[in-house]
Structure formats: C-alpha cells, structure tokens
Number of protein chains: 2
Amino acid sequence: MGSEGHSDGTVGKALDVLDMVSSHGHPVRFSDLLEKSPYPKATLYRFLQTLTHQGMLAYDTDRGTYSLGVRLVRLAHTAWTQSSLAPLARPFISDLAAQTGETVHLAQMDQGQVLYVDKRNAAKPVEMFSQAGKVGPAYCTGVGKAMLAFMSDDAVEAAISRQSFHRFTDHTLDTPGKLRAELAAIRTLGYAFDREEHEPGIICCAAPILARSGKVMGALSVTSTTARSSLATLEAEATRITDCATQIAAEAENWRFPDQN
Amino acid sequence: MGSEGHSDGTVGKALDVLDMVSSHGHPVRFSDLLEKSPYPKATLYRFLQTLTHQGMLAYDTDRGTYSLGVRLVRLAHTAWTQSSLAPLARPFISDLAAQTGETVHLAQMDQGQVLYVDKRNAAKPVEMFSQAGKVGPAYCTGVGKAMLAFMSDDAVEAAISRQSFHRFTDHTLDTPGKLRAELAAIRTLGYAFDREEHEPGIICCAAPILARSGKVMGALSVTSTTARSSLATLEAEATRITDCATQIAAEAENWRFPDQN
DNA sequence: GACTAAGTTTCAAATAATGGAACCAAACGG
DNA sequence: CCGTTTGGTTCCATTATTTGAAACTTAGTC
C-alpha cells in the first residue's frame, strides 16, 4: 500500500479531504464523508473544522452539509491568471475559433487528467466556470493524447497508471498498449485526433503546446461532429492548429514575466 | 488584537503560504517569500514542497519560481458550481442585463471582501475566470455595502476590522463611522448605491440576496457611468433589481439540492 | 580561488495531530 | 413517554509530525 498512499503529512491529508468533498458533486453530510474516508471520526471532524474555518469549505448550518468554499474561487482566479496559458493564449484561441468556425479548447495536464482552462465557441457566447476548470480523461481526448505524446516516458507511465481506460465508445483506446502505440504515431505526426473515442459523433484534431525546452505546456484542439465535418476536413486544418500552438508557445516563452518586481 | 492571529494548525499555515504566493500576483522565488513569511527557512521550504507536490502550487524549475497550481482551477470549478449562487442565478442575471442594458455583477462575501462570482455585460461577451474570482473592497462597492447592511452585528464588525478604508475617491466612505451610518440607511431602503465611491464616474445600484432565514447569500448590482446614466435613473430600476434578488433567493431556497444521493 | 547569495538537508526538541472513548442532542420506535 | 438509535462533538493521554538552528551544497561574483 506504500505505493501511492504517501499523502504528504497533515497538509496532504487535509487536501485529500478537500478532494473528497469535491468528488461528491453536491453538499455532503459529515457521516457521508466519514464512510468514504480513511480517517477516524474525530480526525475527519477536525479537518473539516479547520478547512471550514479557513474558507476552503463552506458549512451549511441549516442542513449540516459541507461544500467547497468560495475562497477557492478567489485563489483559482489568480491561478488561472498567473499559471495557466489561458490569458496569454486568448487572442490566438479566438482567432482559431473564428477561422475554423468550430469550438476550440485549451487544456493543461493535471494529475494525469486533462484540465480545460479555456474554451471558445465561434457561435455561442462563452460559459464561465462551467467550462474552465472542467476535467476530462487523458487517454481518450485529443488534447490528452497530444500532451501525453510529448511527455517524458516517466511522466507518461505515471499518467497511464492513473487512467481508468473506461470504454466510452467502440473507438476508445481501452488498454495501455493501444494508447502507447497511438502516442508513438502522434509523436511522428505532430498532432492528434479524437476519433469518437470519448463521445460518439464527436471528433477533434489537437496539437501540443511545447516550450523550447520540449516541455509540454498544454494543448489545444478544434472540435467538431461527424454530422458537420470529418476527420479529413479537420486534418486539412492541422497546420493551422499546430501553427496556433507554436505561436502560443512562442508568446509564452517571451512573456513569462517581463521581470516585474 | 490576539483575536485573529490563530491560524489553525499546520493546515492553516500551509494555506497562509498559498495566500502569500497568491498575493504576489506573479511567480515568486523562494527568497522573496522568505522575507515576507513569518516562518523560518526550512519550514517555509517544506510547505512549498508539500504544496507543490500536491499540485496546489506550480514550480518552474527553469526560473525557480512558484505560482498557484492548476489544481486550484479544478477545485474552483466545483466550488463555483456547488457553492456559489452563480449557476442558479445565471438566467436571472442575463435577463437583468438585457432589460437594463447595463453590466450586472453577482457577488458573495469572502473573508470581509467582495468576491465576484459572475458578471454579465449586455454588450460584450463574458470573460471567464478573468472576471469571476476577482475581489474588491466591501466598504466602497454597491454589492459590498448591500451585503454588510444585512449581516449580523458581529459579522459586520468582523468585516469592518478587515477593511482598509482607503480613500479611492472624494466620495469614499473612509471611516467605520460613515460606513455604519450608510449601512443603517441601506437597511431601511432595501438597496444600496455606489456613488462613485470606488472609481470616479462609476455608479451602481445593488441589492442583497437574502435567504428566508435572513442570512445574506450574496448581492447583485447594475453598474453604469455618470456619463451614460445617473443615480436617479438607476434608482428607477431599483425595484427590478430587488425583484431579481428575491427571485434568485427563492430559487436558491428551492434548489438547495433536490435530494440527490 | 576565496567569497557570497540562494537553496536544500539534518536532527534533537517542541509541538501538534491522533483516535478511542465518552458525551450530547435530536430523531425514532414502541 | 421513555429507551434506543443515529449523527455529531468534545476529551485527553499517547504518538507521530512539525519545527527551526545550523550545517551543507551549489551556483554565481569578484
């Protein structure tokens, strides 16, 4: 059990609790958490107290339920601004969405999952947090595979071990083996497809955003449907997409803070 | 003044560090943090390690700088969804923006500050995290005063003690006394104005969102400029604004989770 | 090559976390 | 109406973790 259990110290445990609350998806009572938690009553209780007192959790006195606190929203604003590609990539994403007339996603890797940090829809107006902050599987999304393909072997293996390999559709790459083969192909090609691997009818073409050092900073994708488009049509845009990724990478390289201070 | 100093345990301290990083507004080096921190070198170092390992901070190996990690963005998404009024209030906010043709803000109170959780601009499209998650002063914004006016005496005093009372404009209420008087007036009136107290030329009319129990859940405001509108014009919309607040409150009261599980 | 600044590791002492058990309160059942 | 269960909170002696001064290691300067 030593393999993964090393939640570093008290702080790690407290953050675990935060995740536990988060994963429920709705306000939870103390006892619900207690069942799922590895901690004894008193310990869990104190964690919840502390986190609530700190504003990381919100406690509804009437119903006796915990949910994630708004302090997180405030912190996330800063996180999004200063350590995601989103603010910097914004104009490029907008252009790409306008040019292709399709939805564009910007994502980064977080704990083996794909974390969407921005989204631009040519037609509809943007939906706020309901989009940024969402997570998705890495092994069956265009952006996920694009990032994995250019990560270090160690990082890839670590990520693979965290995938569920759930078979969402008939096209889902549902084994580490198939995924590794696909990643090799992507590495040579330079961009990735989602061939209805996550949702039937949904396809996309994605490119990694790479720092000069080769480090994967994120990925972006142009998404469409089989009804409206096709893989061939999307591939025609591949250069545009990879170019966009390159531009963002360049911008990131320059910007990384102009020595404020 | 011991009233506030007790950062609860190790977890509290670690979260302090998170705030410290956040407050810099740009990636920081270890030594910059060390200066500002009350913790000795080794202690701070371990906190940073832990937080980084946990994904709450991101460490840039090249530059040796820390910034807030993307894990926060993911958590915030859940927080926003499940414990802010935003998702639920969305349609009402949109309507209000359309009806008034002005910018509408939705805010909640967080640690004595105003935290904006949504924004709707009749004209321009929404900007994601760049808007939600922003914070502002409570004592000189419409939403801030609207919320304070209906909070318990204890909570108000706690909040007041956290205000800076910086004199942004000639109209800023820059003392606790002036603020308290204003709050009393707001309480009788039922809504609040921002009379260019935060920014010259910017005015707004705000209403609190109150639970049936009387608890303040948040506030919303319609903002305009002296060039385009006037306090009198805004006051004409006051009923519309308070009605909107009431509707949101009602909706919140019903919704608070339809017994999922 | 000596000197300095910045970051990292060590380790005994100090402190804070732990969790079994007792306690309390409200809802339940007979 | 009282005994019982369920759900939540507090105690406190034990135990494990955090603490932080100091030693150490780079990496950069003169």
Side-chain angles (χ1 to χ4, degrees), chain A residues 1-2 4-21 24 26-54 56-69 213 256-257 259-261, chain B residues 2 4-21 24 26-54 56-69 83 213 256-257 259-261:
Chain A
M1 38 159 77
E4 195 59 57
H6 64 55
S7 43
D8 15 31
T10 313
V11 179
K13 291 177 202 163
L15 295 177
D16 277 356
V17 173
L18 216 58
D19 274 342
M20 281 176 41
V21 175
H24 264 80
H26 64 93
V28 263
R29 283 196 317 281
F30 175 77
S31 48
D32 296 331
L33 285 169
L34 186 56
E35 282 180 54
K36 283 197 146 197
S37 103
Y39 311 111
K41 237 207 271 203
T43 304
L44 179 65
Y45 182 72
R46 251 174 305 101
F47 276 139
L48 291 171
Q49 292 260 98
T50 305
L51 290 170
T52 303
H53 182 64
Q54 289 289 328
M56 303 295 279
L57 289 178
Y59 182 65
D60 183 332
T61 25
D62 302 337
R63 319 202 180 230
T65 57
Y66 295 90
S67 43
L68 293 188
S213 68
R256 285 247 192 128
F257 72 113
D259 211 20
Q260 196 171 355
N261 177 28
Chain B
E4 200 57 59
H6 61 60
S7 44
D8 17 29
T10 314
V11 179
K13 291 176 203 164
L15 295 177
D16 277 356
V17 172
L18 216 58
D19 273 342
M20 282 176 40
V21 174
H24 265 80
H26 64 92
V28 263
R29 282 197 317 280
F30 175 77
S31 48
D32 296 331
L33 285 168
L34 187 56
E35 281 180 53
K36 282 197 148 196
S37 102
Y39 311 112
K41 233 204 284 202
T43 304
L44 179 65
Y45 182 72
R46 250 173 307 100
F47 276 139
L48 292 170
Q49 291 260 99
T50 305
L51 290 170
T52 303
H53 182 61
Q54 289 288 330
M56 302 296 279
L57 289 178
Y59 181 63
D60 183 332
T61 25
D62 301 337
R63 319 203 179 226
T65 57
Y66 294 91
S67 43
L68 293 188
S83 90
S213 68
R256 287 241 192 136
F257 73 116
D259 209 22
Q260 198 171 354
N261 179 30

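Each chain gets a letter, A, B and so on, in the order the sequences are listed, and its residues count up from 1. Nothing here was measured: the structure is a model prediction, and the numbers come from that model.
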*Of all the heavy-atom pairs spanning A:G64 and A:Y59, show the shortest one and how long it is.*
CA-OH, 3.4 Å
*Treat primed atoms plus P, OP1 and OP2 as sugar-phosphate and everything else as base, then score nucleotides 15-30 of chain D 5' to 3': B for base contact with protein heavy atoms under 4.0 Å, S for sugar-phosphate contact only, - for none.*
--SSBBB---------
_Spacing of B:Q49 atom CD relative to C:dT8 atom C1', expressed in whole Å_ = 8 Å
*Kindly indicate, with the supporting measurements, whether the criterion side chain to side chain contact (heavy atoms under 4.5 Å, CB included) is fulfilled by B:F30 and B:K41.*
CA-CA 9 Å; B:F30 175 77; B:K41 233 204 284 202; 3.8 Å; yes
*How many angstroms lie between atom CG of B:L33 and atom OH of B:Y66, to the nearest 0.5 angstrom?*
8.5 Å
_Rounded to whole Å, please give me the gap between CG in B:L34 and C1' in C:dT8._
13 Å
*Calculate the interatomic distance between B:D32 atom CG and C:dA5 atom C1'; express it in whole Å.*
13 Å
*Take A:R46 and A:T43, measure what side chain to side chain contact (heavy atoms under 4.5 Å, CB included) needs, and give me the verdict at the end.*
CA-CA 5 Å; A:R46 251 174 305 101; A:T43 304; 4.0 Å; yes
*Between P of D:dT10 and CZ of A:F30, the distance in whole Å*: 11 Å
*Quick one: do B:M56 and A:L15 satisfy side chain to side chain contact (heavy atoms under 4.5 Å, CB included)? Show the steps, please.*
CA-CA 9 Å; B:M56 302 296 279; A:L15 295 177; 3.7 Å; yes
*Between B:Y45 and C:dG7, does any side-chain N or O lie under 4.0 Å from OP1 or OP2?*
no
*D:dT9 P sits how many Å from A:R29 CZ, rounded?*
12 Å
*asked:* Rounded to whole Å, how long is the line connecting atom CD of B:E35 with atom P of C:dA5?
replied: 13 Å
*Can you tell me the distance, in whole Å, between the CG atom of A:L48 and the P atom of C:dT18?*
12 Å
*Nucleotide C:dA6, atom C1' - distance to CG of B:L44 in whole Å*: 13 Å
_Identified side chain to side chain contact (heavy atoms under 4.5 Å, CB included) partner of A:L68 from the options A:L57, A:L51, A:D19_ = A:L57
*Any side-chain N or O of A:S31 under 4.0 Å from OP1/OP2 of D:dT6?*
no
